[in-house]
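These notes concern the structure reproduced below.
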Amino acid sequence: MEKSFDDFISSLSDEDICNIADINQELANVRNTSAVENLFGNQIAVSSYLISLNLLRYYHEWLNA
């Protein structure tokens, strides 16, 4: 049976969403440095990437459940 993405999205709890958005110490390290290469745009990119990666992990686990 094929699972739909909409079913997956509706299966996410508030706690799941908080866990997905918890983008760990890596982003905190970028945010807490004054290095020129870590400008605001890079912080947004890192945040977006890590949130997407966490969401994909949840989706993969859901597909295999």
Minimum heavy-atom distance between W62 and S4, given as atom pair plus value: CH2-O, 3.2 Å
Under 3.5 Å: donor-acceptor pair, side chain of S11, backbone of F8: yes
D14, CG atom: more than 12 neighbouring heavy atoms under 6.0 Å: no
From CG (L63) to OH (Y58), nearest 0.5 Å: 15.0 Å
From Y59 atom OH to L12 atom CG, the distance as rounded to the nearest 0.5 Å: 11.0 Å
Spacing of CG belonging to D7 relative to CD1 belonging to I9, to within rounding of 0.5 Å: 10.5 Å
Where at least one partner belongs to residues 41-57, residue pairs that pass salt bridge (Lys or Arg N to Asp or Glu O under 4.0 Å), sequence neighbours excluded: R57-E61
